[in-house]
2 protein chains.
Amino acid sequence: MKILLVEDEAALRTALLASLKQAGYLAEAAADYAQAHEKIMLYQYDCILLDLTLPDGSGLDLLRALKAGGSPTGVLIITARDALDDKIAGLDLGADDYLIKPFHLSELNARVRAIIRRRQFNGQQQIVFRDLLVLPELAEVHVRGELITLTRKEYDLLLYLLANPGRVLTKEAIAEHLCGDAVDAADSFDFIYTHLKNLRKKLQEKGADNYIRTMYGVGYKLSHE
Amino acid sequence: MKILLVEDEAALRTALLASLKQAGYLAEAAADYAQAHEKIMLYQYDCILLDLTLPDGSGLDLLRALKAGGSPTGVLIITARDALDDKIAGLDLGADDYLIKPFHLSELNARVRAIIRRRQFNGQQQIVFRDLLVLPELAEVHVRGELITLTRKEYDLLLYLLANPGRVLTKEAIAEHLCGDAVDAADSFDFIYTHLKNLRKKLQEKGADNYIRTMYGVGYKLSHE
DNA sequence: CTTCAACAAGGAGAATTTTCATGGGCTGGG
DNA sequence: CCCAGCCCATGAAAATTCTCCTTGTTGAAG
């Protein structure tokens, strides 16, 4: 789950970023409008935490740009108590929720969870693909009824594939999904092989073969047969 | 057990808060409508003690907001003798009980206990999970028939896990549940390890192994096998 | 058909992150 | 005042994630 935090105040940004990572999200931060805009255009996030008052522009413009691009990203607005107009405008523009400063961490987490749950597989309780059964709520994966334990990256990788059934995913896309902006164009993406290998192995051990097909020179995809 | 006390009169608020803490609850207080509303939206309480006459609004509106949100929280209304209409309205709106000022502390405690008993695990007299038997009324935990003594935090932690069987609970969710609004962003949640360790140890001593599974990098959950 | 270059797979182990255990200080109730 | 229980810091242990290197495979050009 990738989250972008847009907040200009350094202390708060750091604290929130730490909290989000602690809660298990792949969190990144932008300090101003320019940074945020770049990241929004560059990557796809599951949820954006948006402070409306930025030193070099309004968060509302960011929101507008995002929604104009037809992005499915969830947006949680973070605003000062006195900026009620902004709040209303934000909701009109397609934000999912808002939160008034100062707020409590657990409250933030609860709202983020709610937004992500709403989006993730349309809130399905379970995802079925051939012999696979995934229960997102319990973070459990079953193969032919047997529970298997995956590491976090393996789990994320599997869900990414399941979220795009049949579509070809390039190494780069996978790496970016798993690691966020920590990856660079110059980086090697070999570590994807490792996770892919481990995931395949764990699936094959339970007799689920050939779920992940290699498209030579392109990427990988889930195959239906 | 988390309780929110909504009461504007400072002296009474302090006294009741102390009494509730004394009785072993995790009690927090709100002095007015605004505070109470924020906290209600923020956290999930097991029970709310609600004074209907607040300086900046009616407790009835709070109750309405709460029930509109589908909250399962129990509500005990605290009201002056002359506000009979309010009392009736409150019960119509889904309050569980009412108490007329002035009242005895023991009376309050009895009512709170009754409400919580009714709500907790749907009023079950006992909770069974594998070899575990918990009697919420007596705050007793038995493992394979043997009584074990837990500290308050250990007990709360166990009940929190039992209330969310199979679901993954992050460290900060646990911390917030155990400590209420006393936790903050910069805090470390390492102390959870200590309670977890102590609880596990006490369970294992009686032969109940592997009940609490560690989800590396995510959190903890009760495991069914 | 052969050869080459790019790509993919696999194994081993280093690096990093997360969790656990121990001990000490602090606090609040008795 | 004492003590159980809670919180926190430190360092050890464990699990995961990533890197490196070798080997095998594929597709296309000659």
Side-chain angles (χ1 to χ4, degrees), chain A residues 17-27 139 148-158 168-172 174-180 182-184 186-205 209-210 212-221, chain B residues 17-27 139 148-158 168-172 174-180 182-184 186-205 209-210 212-221:
Chain A
L17 198 64
S19 161
L20 289 167
K21 285 184 177 171
Q22 173 76 21
Y25 300 113
L26 190 67
I148 62 175
T149 58
L150 300 179
T151 71
R152 164 191 272 278
K153 284 276 197 285
E154 286 159 15
Y155 181 76
D156 283 353
L157 172 56
L158 179 59
V168 181
L169 304 174
T170 65
K171 275 204 305 287
E172 287 76 10
I174 294 172
E176 197 241 292
H177 183 83
L178 292 184
C179 303
V183 299
D184 214 331
D187 282 3
S188 100
F189 300 105
D190 288 358
F191 67 93
I192 295 296
Y193 293 141
T194 306
H195 294 304
L196 211 57
K197 177 191 66 178
N198 293 336
L199 178 57
R200 276 173 164 160
K201 189 161 140 201
K202 286 182 180 176
L203 292 181
Q204 283 179 6
E205 272 173 7
D209 275 346
N210 294 339
I212 303 167
R213 175 132 27 122
T214 301
M215 311 297 285
Y216 190 91
V218 185
Y220 302 87
K221 71 172 198 181
Chain B
L17 198 63
S19 163
L20 289 168
K21 285 183 177 172
Q22 170 79 17
Y25 300 113
L26 191 67
I148 62 175
T149 58
L150 299 179
T151 70
R152 168 145 296 283
K153 287 276 197 282
E154 286 159 14
Y155 180 75
D156 282 353
L157 173 56
L158 180 59
V168 182
L169 305 175
T170 64
K171 273 204 303 287
E172 64 271 19
I174 294 172
E176 196 242 293
H177 183 84
L178 292 184
C179 304
V183 297
D184 210 338
D187 283 4
S188 100
F189 301 105
D190 287 359
F191 69 93
I192 295 296
Y193 293 141
T194 307
H195 295 302
L196 210 57
K197 182 194 67 174
N198 293 335
L199 177 58
R200 276 173 164 161
K201 190 160 140 201
K202 287 182 180 176
L203 293 181
Q204 282 180 9
E205 274 173 5
D209 272 346
N210 296 338
I212 303 167
R213 172 130 46 109
T214 302
M215 310 293 285
Y216 190 95
V218 185
Y220 302 87
K221 69 180 207 176

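Proteins get letters first, then strands, A, B, ... in listed order; numbering begins at 1 in each. Please read these numbers as outputs of a predicted model, since none were measured by experiment.
- Taking atom NZ of residue A:Lys197 and atom C1' of nucleotide D:dC21, one finds them 13 Å apart after rounding to whole Å.
- Under 4.0 angstrom from either OP1 or OP2 of C:dC7 there lies no side-chain N or O belonging to A:Tyr220.
- Atom CG of B:Leu199 and atom C1' of D:dC6 are 15 Å apart (whole Å).
- For the pair B:Asn198 CG and C:dT22 C1', the interatomic distance rounds to 11 Å; values are reported in whole Å.
- Comparing atom distances between the A:Lys153 side chain and each of D:dC18, D:dC6, C:dT18 picks out D:dC18 as nearest.
- Of the listed residues (B:Leu196, B:Val168, B:Leu157), just one forms a side-chain contact (heavy atoms from CB on, under 4.5 Å) with B:Tyr220, and that residue is B:Leu196.
- Whole-Å rounding puts the A:Asp190 CG to C:dA6 C1' distance at 13 Å.
- For B:Thr214, the listed nucleotide lying nearest its side chain is C:dC20; candidates were D:dC7, C:dC20, D:dC18.
- Rounded to whole Å, the distance from CD on B:Glu176 to P on D:dC7 is 14 Å.
- By the 4.5 Å heavy-atom criterion applied to side chains, B:Asn198 and B:Leu150 are not counted as neighbours.
- Of the candidate nucleotides C:dT22, C:dA9, D:dT17, C:dT22 has the atom nearest to the side chain of B:Thr194.
- Distance, A:Ile192 CD1 to D:dC18 C1': 10 Å, rounded to whole Å.
- With 3.5 Å as the limit, one finds no donor-acceptor pair spanning the side chains of B:Arg213 and A:Thr149.
- Counting to the nearest Å, the P atom of D:dA14 and the CZ atom of A:Arg152 are 22 Å from each other.
- Between A:Thr151 and D:dT17 there is a side-chain N or O to OP1 or OP2 distance below 4.0 Å.
- Heavy-atom distances to DNA chain C give each of B:Met215 and B:Gln22 a nearest nucleotide, and the one nearer the 5′ end belongs to B:Met215.
- Using a distance-only test at 3.5 Å, with no hydrogens or angles considered, no donor-acceptor pair links the side chain of B:Lys171 to the main chain of B:Asp190.
- Separating the OH atom of B:Tyr193 from the P atom of D:dC8 is a distance of 14 Å, rounded to the nearest angstrom.
- A:Lys201 comes within 4.0 angstrom of no nucleic acid atom, judged by non-hydrogen atoms across all strands.
- Between C:dG10, D:dG27, C:dC20, one nucleotide has an atom nearer to the side chain of A:Tyr216 than all others, and that is D:dG27.
- Residue contacts for A:Tyr155: at a heavy-atom cut-off of 4.0 Å it reaches no nucleic acid atom on any strand shown.
- Proximity of B:Lys202 to B:Leu158: side-chain heavy atoms (C-beta onward) are nowhere separated by under 4.5 Å.
- Between C:dA9, D:dC18, C:dC20, one nucleotide has an atom nearer to the side chain of A:Arg200 than all others, and that is C:dA9.
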